Trainee: 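Got a structure for you, written out below as structure tokens; questions coming shortly.
These numbers were taken from a predicted model, which means no experiment stands behind them. Throughout, protein chains are lettered first and strands after them, A, B, ... in sequence-line order, and every chain is numbered starting at 1.
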Amino acid sequence: MPELPEVETIRKTLKRFIIGKEIEEVEVFWPRIIQFPEIEMFKMNLLGQSFTDISRRGKFLIFHLDEYDLVSHLRMEGKYSVYPKDEPKDKHTHVTFTFTNGEQLRYNDVRKFGTMHLFKKGTYEAKKPIVQLAPDPFEEDFTLDYFMGKLERTTRVIKNVLLDQTVVAGLGNIYVDETLFKAGIHPEKRSHTLTKEEIKRIKKYAKETLSEAVKQGGTTIRSYVASDGEIGMFQQELFVYGQEGEPCPTCGDEIIKIRVSNRGTHLCPSCQKENRE
DNA sequence: TTGGGTGTTGAGTA
DNA sequence: ATACTCAACACCCA
């Protein structure tokens, strides 16, 4: 499900529901989701803790509590929402945090791929999975020099490099395709062959695409909803993702779908040529 | 009915 | 270093 814009939307909406709420019980129905520490310690550490804030790094949500930080990745279908605790749970609710006020924060994940790590406050940045995460396009240290340095040193195809969260955080399959379309670059172009101007365009359009999508509350293709139940609206502004067979908004040629490293990849064959002079 | 595809990522293997 | 396959899991659709 979520890439940076969806995670950011969830962060903003969920904040309103949980800040200041104190946890009195934690239940885990699918143990794999809890990566660290082991389950009993995870539950025990959270008892009596109150949520103070939610932040985001790339596609990770970071829940800040009094003495701990909870690092959560939604992978394909993870969702959070708050209910009265006696409302019946849906069959895909795998972790619940019950508050002292009778409400309950629920983690719902149809495919059960999501992960949670709980660390002592202030230590998560130095630990996996956050430690190896690159800056996202909104962060100050995502500079042109940094980005060029990364792209020059690899022969991999550009689409794969942009999906690599240790190069740039936050982009997934939708926003990589949109970014490369706007930049006029073929997704299978080798990273080290890109010119400085092309790299500048990728950097600019990655940021622009993500920020427009945040403004629209994310993209809802299938299942994504924010924590208040609202769907995203950015799908109306997609140029290539899911648009195979439609005319390119720039040149009118047909948008095609190919496979790049086994990921569905959408592009305009006229605007994004593999070898351009 | 079945198999291929889905907004993600990590491990294992050459 | 890179590429490829598989795995985690459930659902949808042709």
Side-chain angles (χ1 to χ4, degrees), chain A residues 1-10 29-36 56-61 71-80 90-95 107-117 127-134 136 149-180 187-193 206 209-210 213-214 216-226 231-245 257-266:
Chain A
M1 165 181 105
E3 306 179 36
L4 186 151
E6 293 75 37
V7 176
E8 178 62 15
T9 304
I10 291 167
F29 305 99
W30 193 260
R32 287 191 110 92
I33 290 171
I34 313 303
Q35 303 273 305
F36 184 87
R56 180 187 55 72
R57 279 294 316 279
K59 304 176 192 173
F60 288 89
L61 281 174
V71 177
S72 171
H73 197 298
L74 278 29
R75 294 289 181 97
M76 293 292 268
E77 307 242 17
K79 296 169 187 49
Y80 281 101
D90 135 337
K91 68 172 173 176
H92 301 300
T93 295
H94 307 307
V95 185
Y107 178 70
N108 183 290
D109 189 343
V110 169
R111 294 178 69 182
K112 303 175 173 164
F113 288 174
T115 61
M116 296 183 196
H117 293 75
K127 304 215 168 112
K128 286 217 297 188
I130 299 297
V131 66
Q132 72 265 44
L133 197 63
D136 70 43
K150 285 286 193 182
L151 297 195
E152 280 164 2
R153 280 183 195 77
T154 180
T155 61
R156 299 158 69 200
V157 298
I158 184 61
K159 167 149 183 176
N160 287 354
V161 176
L162 295 178
L163 288 171
D164 182 344
Q165 305 294 300
T166 70
V167 172
V168 52
L171 296 169
N173 209 32
I174 295 179
Y175 298 110
V176 165
D177 284 3
E178 294 298 307
T179 296
L180 288 174
E188 287 173 303
K189 192 141 194 202
R190 297 275 157 185
S191 185
H192 68 289
T193 68
T209 304
L210 292 175
V214 168
Q216 299 298 318
T219 301
T220 297
I221 301 293
R222 286 187 300 277
S223 61
Y224 165 74
V225 290
I231 65 170
M233 283 297 145
F234 192 71
Q235 61 277 13
Q236 297 173 2
E237 298 179 31
L238 295 174
F239 290 116
V240 290
Y241 188 91
Q243 306 302 304
E244 57 269 32
K257 182 175 181 183
I258 63 173
R259 301 228 128 229
V260 176
S261 305
N262 232 22
R263 305 295 304 274
T265 299
H266 312 73

Trainee: So, A:Glu6 side chain and A:Thr219 main chain: donor-acceptor pair closer than 3.5 Å or not?
Mentor: yes
Trainee: Below the 4.0 Å mark, does B:dT9 have OP1 or OP2 next to a side-chain nitrogen or oxygen of A:Thr115?
Mentor: no
Trainee: Any side-chain heavy atom of A:Glu188 sitting closer than 4.5 Å to one from A:Thr265?
Mentor: no
Trainee: Heavy atoms under 4.0 Å, any strand shown: does A:Tyr241 hit a base, just sugar-phosphate, or nothing?
Mentor: sugar-phosphate
Trainee: Within less than 4.0 Å of OP1 or OP2 of B:dT9, is there a side-chain N or O belonging to A:Lys112?
Mentor: no
Trainee: Can you identify which nucleotide, out of B:dT6, C:dC9, B:dT9, has its nearest atom closest to the A:Phe113 side chain?
Mentor: C:dC9
Trainee: Can you check the A:Glu6 CD to B:dT6 P distance for me, whole Å?
Mentor: 17 Å
Trainee: In the structure shown, which nucleotide is the Watson-Crick or G-U wobble counterpart of C:dC9, with both distances under 3.5 Å?
Mentor: none
Trainee: Rounding to an integer number of Å, can you tell me how far A:Asn173 CG sits from B:dT8 P?
Mentor: 6 Å
Trainee: Give the rounded distance in Å between these two atoms: CE of A:Met116 and C1' of B:dT8.
Mentor: 16 Å
Trainee: Out of C:dC11, B:dG10, B:dG5, which has the shortest distance to the side chain of A:Arg75?
Mentor: B:dG10
Trainee: Report yes if a side-chain nitrogen or oxygen of A:Lys59 is closer than 4.0 Å to either non-bridging phosphate oxygen (OP1 or OP2) of B:dT9; otherwise report no.
Mentor: yes
Trainee: Write down the distance between CG (A:Leu133) and C1' (B:dT9), rounded to a whole number of angstrom.
Mentor: 12 Å
Trainee: For A:Gly264, report the nucleic acid contact type (base, sugar-phosphate, nothing); a contact means any heavy atom under 4.0 Å.
Mentor: sugar-phosphate
Trainee: Using atom P in both nucleotides, what's the gap between B:dG5 and C:dC4 to the nearest angstrom?
Mentor: 16 Å
Trainee: Are A:Gln165 and B:dT9 close enough that a side-chain N or O sits under 4.0 Å from OP1 or OP2?
Mentor: yes
Trainee: With a 4.0 Å cutoff (strictly under), does any side-chain N or O of A:His92 reach OP1 or OP2 of C:dA10?
Mentor: no
Trainee: Measuring centre to centre across the rings, with the benzene-like ring taken for any Trp, is A:Tyr241 within less than 6.0 Å of A:His266?
Mentor: yes
Trainee: Need one value for A:Thr155: base, sugar-phosphate or nothing, where a base atom within 4.0 Å counts as base even if backbone is also close, heavy atoms only.
Mentor: sugar-phosphate
Trainee: Between C:dC9 atom C1' and A:Glu77 atom CD, what is the distance in whole Å?
Mentor: 10 Å
Trainee: If we take the C1' atom in both C:dA3 and B:dT6, what is their distance in whole Å?
Mentor: 22 Å
Trainee: Please check this pair: side chain of A:Glu178 against backbone of A:Val240, looking for a donor-acceptor N/O pair closer than 3.5 Å.
Mentor: yes
Trainee: Taking atom C1' in both C:dA1 and B:dT8, compute the distance separating them and give it to the nearest angstrom.
Mentor: 22 Å
Trainee: The side chain of A:Arg190 is closest to which nucleotide in this list: C:dA8, B:dT9, C:dA3?
Mentor: C:dA3
Trainee: If only atom types and distance count, is the side chain of A:Gln165 paired as donor or acceptor with the main-chain N or O of A:Gly170 below 3.5 Å?
Mentor: yes
Trainee: For B:dT6, does OP1 or OP2 lie under 4.0 Å from any side-chain N or O of A:Arg263?
Mentor: no
Trainee: Rounding to an integer number of Å, can you tell me how far A:Lys128 NZ sits from B:dT9 P?
Mentor: 14 Å
Trainee: Please state how far atom CG in A:Leu163 lies from atom P in C:dT2, giving the value in whole angstrom units.
Mentor: 15 Å
Trainee: Expressed in angstrom and rounded to an integer, what is the separation of A:Arg259 atom CZ from B:dG5 atom P?
Mentor: 5 Å
Trainee: Can the ring centres of A:His73 and A:Phe60 be said to be less than 6.0 Å apart?
Mentor: yes
